Student: 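Have a look at this one before I ask anything.
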Amino acid sequence: MTSNAPPSGQTDYVTLVSCDGFEFKVQRSSAEIAEAIRRMLDPRTGFYEAIHNRCEFSDITGLVLEKVVEYLYYNEKNKDAKEVPDMEIPPEMTLEVLMAADFLNV
């Protein structure tokens with residue numbers, strides 16, 4: 001019998017925290033689209049993030065992290081779609097969002 005429940009100690013939701021204190025409760029399946037977050041939350045590492053289901057980012061602002069979270073959900077929602085419209089990102093945020101995406105390996 002197989003189960004889709006996360007391993008012991010893991011929750012279905014994780015908290016992503018920006019450098020300016022904004023907290024985002026995100027479904028684990030969406031958050032783990034970002035390779036860096038997936039590695040941070042891997043229970044085999046014993047990392048603080050994996051134990052507490054909480055990732056803090058000292059270089060990502062709340063506005064940028066909100067856009068990243070929006071993208072993670074957008075990506076999961078459209079993963080099997082053939083024609084996916086572009087996600088809207090304000091031009092003034094483009095560079096910061098791109099840097100955060102690179103850091104998180106999204």
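Computed from a predicted structure; not experimentally measured. For this chain, numbers begin at 1 and follow the sequence in order. Values below: every heavy atom of this structure, side chains too, minus hydrogens, waters and symmetry copies.
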Student: Please tell me whether Val14 and Phe22 are part of a single hydrophobic cluster in this structure, the criterion being side-chain heavy atoms less than 4.5 Å apart.
Tutor: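 Per the 4.5 Å side-chain linkage, Val14 and Phe22 are co-clustered.
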Student: Please name the pair of heavy atoms, one in Ala36 and one in Asn105, separated by the smallest distance, quoted to 0.1 Å.
Tutor: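 Between these two residues, the closest heavy atoms are N-CB, 4.4 Å.
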Student: Using every non-hydrogen atom in the two residues, find where Thr45 and Ala50 come nearest and quote the distance to one decimal.
Tutor: OG1-CB, 4.1 Å
Student: Using the salt bridge (charged side-chain N to carboxylate O under 4.0 Å, His left out) rule, collect all pairs that involve residues 39-54, keeping only residues at least two apart or in two chains.
Tutor: Glu23-Arg54, Glu35-Arg39, Asp42-Arg44, Arg54-Glu56
Student: Quick one: pull up CD in Glu66 and CE in Met93 and give me the separation to the nearest 0.5 Å.
Tutor: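 These two atoms lie 7.5 Å from each other.
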Student: Output the distance between atom CZ (Phe24) and atom SG (Cys55), rounded to the nearest 0.5 Å.
Tutor: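 Between Phe24 CZ and Cys55 SG, I get 13.5 Å after rounding to 0.5 Å.
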Student: Measure the spacing between CG of Leu72 and CD1 of Ile37 and express it to the nearest 0.5 Å.
Tutor: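 It comes to 6.0 Å.
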Student: Out of curiosity, Leu16 CG to Met40 CE, how far, rounded to the nearest 0.5 Å?
Tutor: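 Nearest 0.5 Å value for the CG-CE distance: 8.5 Å.
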Student: Group every Ile, Leu, Val, Met, Phe, Trp and Tyr by side-chain heavy-atom contacts under 4.5 Å, then state whether Phe103 and Val26 land in the same group.
Tutor: yes
Student: For Glu88, look at atom CD and say whether over 12 heavy atoms of other residues, nucleotides or ligands are found less than 6.0 Å away.
Tutor: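 Check fails, neighbour count at 12 or below.
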Student: Could you check if a side-chain atom of Thr61 sits within less than 4.5 angstrom of a side-chain atom of Ser18, using non-hydrogen atoms only?
Tutor: no
Student: Within the structure provided, determine whether Gln27 and Asp12 are in side-chain contact (heavy-atom separation under 4.5 Å).
Tutor: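 No. Closest side-chain heavy atoms not under 4.5 Å.
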Student: When rounded to the nearest 0.5 angstrom, what distance separates CD1 in Ile33 from CZ in Arg28?
Tutor: 13.5 Å
Student: Determine whether Leu104 and Phe57 make a side-chain contact, defined as any pair of heavy atoms from C-beta on separated by less than 4.5 Å.
Tutor: yes
Student: Indicate, with yes or no, if Val97 and Val106 share a hydrophobic cluster defined by side-chain heavy-atom contacts under 4.5 Å among Ile, Leu, Val, Met, Phe, Trp and Tyr.
Tutor: yes
Student: Taking atom OH of Tyr71 and atom OG of Ser30, what is their separation to the nearest 0.5 Å?
Tutor: 11.5 Å
Student: If hydrophobic clusters are built from ILVMFWY residues whose side chains come within less than 4.5 Å, do Met99 and Val68 share one?
Tutor: no
Student: How would you list, by chain and number, every residue that makes a salt bridge (charged side-chain N to carboxylate O under 4.0 Å, His left out) with Arg38, sequence neighbours excluded?
Tutor: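 If we apply the salt bridge (charged side-chain N to carboxylate O under 4.0 Å, His left out) test to Arg38, skipping adjacent residues, there are no hits.
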Student: Show your reasoning for whether side chain to side chain contact (heavy atoms under 4.5 Å, CB included) applies to Leu65 and Lys67.
Tutor: CA-CA 5 Å; Leu65 189 55; Lys67 225 17 142 170; over 6 Å; no
Student: Just jot down the ring pair (Phe, Tyr, Trp, His ring centres under 6.0 Å) partners of Tyr48, sequence neighbours excluded, or say none.
Tutor: His52
Student: With hydrophobic residues grouped by side-chain heavy-atom distances under 4.5 Å, do Val84 and Met87 end up in a single group?
Tutor: yes
